[in-house]
*Asks:* 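To start, I am sharing the structure in question, which I have written as structure tokens.
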Protein chains: 2
Amino acid sequence: MFKIFISLVKNIINNYANFIVMLSQAIQDYLKTIYKLENSGAVSTTAIAKELNISGASVTGMLKRLSTMKLVDYNSYKGVRLTNEGRKIALEVIRHHRLLELYLKEALGFPLDKVHDEACRLEHVISRDFIDKIDEILGSPEFDPHGHPIPDKDGSVSKSDELSLITVKGGDTVIIKRLADHDQEMLAYFEKKRLVPNVVLKIIDKAPFSGPITAFYNDENQIIGNEIAKNIYIEHYSEESE
Amino acid sequence: MFKIFISLVKNIINNYANFIVMLSQAIQDYLKTIYKLENSGAVSTTAIAKELNISGASVTGMLKRLSTMKLVDYNSYKGVRLTNEGRKIALEVIRHHRLLELYLKEALGFPLDKVHDEACRLEHVISRDFIDKIDEILGSPEFDPHGHPIPDKDGSVSKSDELSLITVKGGDTVIIKRLADHDQEMLAYFEKKRLVPNVVLKIIDKAPFSGPITAFYNDENQIIGNEIAKNIYIEHYSEESE
DNA sequence: AAAATAATTTAGATATGTTTAAAATTTTTA
DNA sequence: TAAAAATTTTAAACATATCTAAATTATTTT
Ligand SMILES: [Mn+2]
Ligand SMILES: [Mn+2]
Ligand SMILES: [Mn+2]
Ligand SMILES: [Mn+2]
């Protein structure tokens, strides 16, 4: 029975519009995690275990099962990579997550620090009909509220910006592109200070020795601490870049 | 560890705003099912098994666990009833379900036959913040798209109407209050024929021997078959009743 | 290159939630 | 009221997903 199920997975993926709903939450989260960790290279058991906050032994067990299901290529002791099928699922879950986050924020008025947990639960059970509908309502947005790119229906997705605000110098003008989203308290602070994606900052000064940044935005000069700046990712701004 | 968890359930229920999210989907569905089946009397193992499409043995096992968790009062061979805590949870899940159904229909334009399955998955993982928000957007509605009453935040809920359309006679004027929701094809047909809650029907004729009903609504005379009429629940209509 | 260390897997266990088959109990029928 | 039938529970098994502890493999250090 199990074998039959496994052998049908590929068919299901290709033919059944809502296949994600048939995979366990655990499987979906593993695939998502492997996707996030594989930057041109196999992902280690330990890396996955750390990210998901579970034991390495649990990861090994799941990797074997994902391998049987042809969702990953797994080599004992060598690490794991997603297959095309596995990546397809990972990207769909991520698309769900990010569209949900934006919908929660824009349509339902959720605060920035509350969208992640909700999206992380709903992403696994929401149908494509629901997702397509909120994508339409939001006008096929490109970025979630943290500035993460939203994969499109075909699974293509742009790269995240990786230039941190701590790299700026006085005189620069930059635009906020992305916020690190691992700390809820910090997310609440970002929102309170209106340090959110698409805000343009004129850098007045950057104090030495990891000192604070003085930036003009929102009609006044504001001080941004080093710890905060580290978690804000930017692009250098020019009129035509927008 | 398990014992400790069990002993904390009551506390969690009373203190943690999103406690439902901490109970498994299975537990939530059992409680919902028992709620629906207990019309002043204990619910049998077999009734639950039939409703959930699982074996009786599975039900017995779960009832023991729910009993340990003090969510039901269970007597071997005698049947089961919800405790107050259990009923509270059942009503919250039902509230989630029905508000979701209405939101899917009204805000996202889902067809009537598609709202149930989606709501049945989302109801278990959606937070109170989300539910409160859609309740607000919908204006604290009293009924879901099938005409089922939506429990309010305190868990109070009105009774469903039980008078079927087949009971009418020529000359009656009735208002549709509720639709049976077990058959998706029939739900699609209800919607196509605009036989939905709050529609007023002037009964022109009811043919004998379980024959069809002729009713005036939507500006014309329409024929309603017996099988369809059986699944439509109504109230007799008078101006002041609205 | 051997020893030490770190990463990974295996083995054995547990909790959840399900199944079928057999045993026990309750209800119905004669 | 005794036998038959139906319901319910128990027993044994399985799949999923996790754990800890021990064994194995790979990597780093000396
Ligand atoms: Mn998740
Ligand atoms: Mn995000
Ligand atoms: Mn459900
Ligand atoms: Mn309904």
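The basis for the numbers below is simple: all heavy atoms, side chains too, and nothing from hydrogens, waters or symmetry mates. Residue numbers begin at 1 in each chain, while the letters A, B, ... track the order of the sequences.
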*Asks:* Determine: side-chain N/O of B:S24 to OP1/OP2 of C:dG17, distance under 4.0 Å, yes or no.
*Replies:*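 So the side chain of B:S24 is within the cut-off, an N or O lying under 4.0 Å from OP1 or OP2 of C:dG17.
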*Asks:* Would you kindly give the CG-to-C1' distance between A:D29 and D:dT16, to the nearest whole Å?
*Replies:*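 After rounding, the reported distance stands at 15 Å.
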*Asks:* Nearest whole angstrom, please: distance from the C1' of C:dG17 to the CZ of B:R65.
*Replies:*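 In whole Å, C:dG17 C1' lies 7 Å from B:R65 CZ.
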*Asks:* For a quick test of reading the model, state the closest non-hydrogen atom pair linking A:P141 to A:L99 and the distance between them.
*Replies:*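 For A:P141 and A:L99, the tightest heavy-atom pair comes out as CG-CD2, 3.8 Å.
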*Asks:* In terms of side-chain geometry, is the basic nitrogen of B:E92 or B:K153 positioned less than 4.0 Å from the acidic oxygen of its partner?
*Replies:*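 Looking at B:E92 and B:K153, the cut-off is not met.
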*Asks:* How close or far is atom C1' of C:dT16 from atom CD of B:Q25, stated in whole angstroms?
*Replies:*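 B:Q25 atom CD is separated from C:dT16 atom C1' by 12 Å.
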*Asks:* Are any side-chain N or O atoms of B:Q184 and backbone N or O atoms of B:D113, one a donor and one an acceptor, separated by less than 3.5 Å?
*Replies:*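 Between the backbone of B:D113 and the side chain of B:Q184 there is a qualifying donor-acceptor contact (under 3.5 Å).
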*Asks:* Between the protein and nucleotides 25-29 of chain D, which nitrogen or oxygen pairs are less than 3.5 angstrom apart?
*Replies:*
unit_1	atom_1	unit_2	atom_2	d
D:dT25	O4'	A:Y77	OH	3.4

*Asks:* So, does A:E191 use its side chain to make a donor-acceptor pair with the main chain of A:L112 at under 3.5 Å?
*Replies:*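 Confirmed, A:E191 side chain pairs with A:L112 backbone.
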*Asks:* So which protein nitrogen or oxygen atoms get under 3.5 Å of nucleotides 19-22 of chain C's nitrogens or oxygens?
*Replies:*
unit_1	atom_1	unit_2	atom_2	d
C:dT19	OP1	B:S55	N	3.4
C:dT19	OP2	B:S55	N	2.9
C:dT19	OP2	B:S55	OG	2.7
C:dT19	OP2	B:S58	OG	2.4

*Asks:* Answer yes when A:R98 and A:E101 have at least one side-chain N-carboxylate O distance shorter than 4.0 Å, and no when they do not.
*Replies:*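 Not counted as a salt bridge, because no side-chain N and carboxylate O are separated by less than 4.0 Å.
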*Asks:* Find the distance B:I48:CD1 to D:dT7:P and express it as a whole number of Å.
*Replies:*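 Value for this atom pair: 15 Å.
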*Asks:* If you define the side chain from C-beta out and look only at heavy atoms, does anything of A:I48 sit under 4.5 Å from A:V80?
*Replies:*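 Answer yes - side chains close enough.
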*Asks:* Using OP1 and OP2 only, check whether a side-chain N or O of B:S44 sits under 4.0 Å from D:dT7.
*Replies:*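 Answer is no, no contact under 4.0 Å.
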*Asks:* Could you walk me through whether B:D135 and B:F130 satisfy the side-chain contact (heavy atoms from CB on, under 4.5 Å) test, starting with their C-alpha distance in whole Å, then the side-chain angles of each, then the deciding distance to 0.1 Å, before giving a yes or no?
*Replies:* CA-CA 9 Å; B:D135 179 57; B:F130 195 132; over 6 Å; no
*Asks:* In whole angstrom, give the distance that lies between atom CG of B:N75 and atom C1' of D:dT9.
*Replies:*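 Going from CG in B:N75 over to C1' in D:dT9 covers 14 Å.
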*Asks:* One thing to verify: whether B:R178 and B:E162 come together as a salt bridge, which I'm taking to mean a side-chain N less than 4.0 angstrom from a carboxylate O.
*Replies:*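 Yes, B:E162 and B:R178 are salt-bridged.
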*Asks:* Salt bridge check, B:R95 against B:E123: does any charged N sit closer than 4.0 Å to a carboxylate O?
*Replies:*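 Result for this pair is no, no salt bridge flagged.
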*Asks:* Roughly how many Å is it from CG in B:L63 to C1' in D:dT9, rounded to a whole number?
*Replies:*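 Spelled out: CG on B:L63 to C1' on D:dT9 is 11 Å.
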*Asks:* Quick one: B:K64 NZ to D:dA11 C1', roughly how many Å, whole number?
*Replies:*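 Roughly 10 Å, once rounded to whole Å.
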*Asks:* Which residue, B:K50 or A:Y30, contacts DNA chain D at a nucleotide closer to its 5' end, judged by nearest heavy atom?
*Replies:*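 Nearer the 5' end of the strand: B:K50.
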*Asks:* B:A26 has a side chain; which of C:dT9, D:dT18, C:dG17 sits nearest to it?
*Replies:*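 Selected nucleotide (nearest to the side chain): C:dG17.
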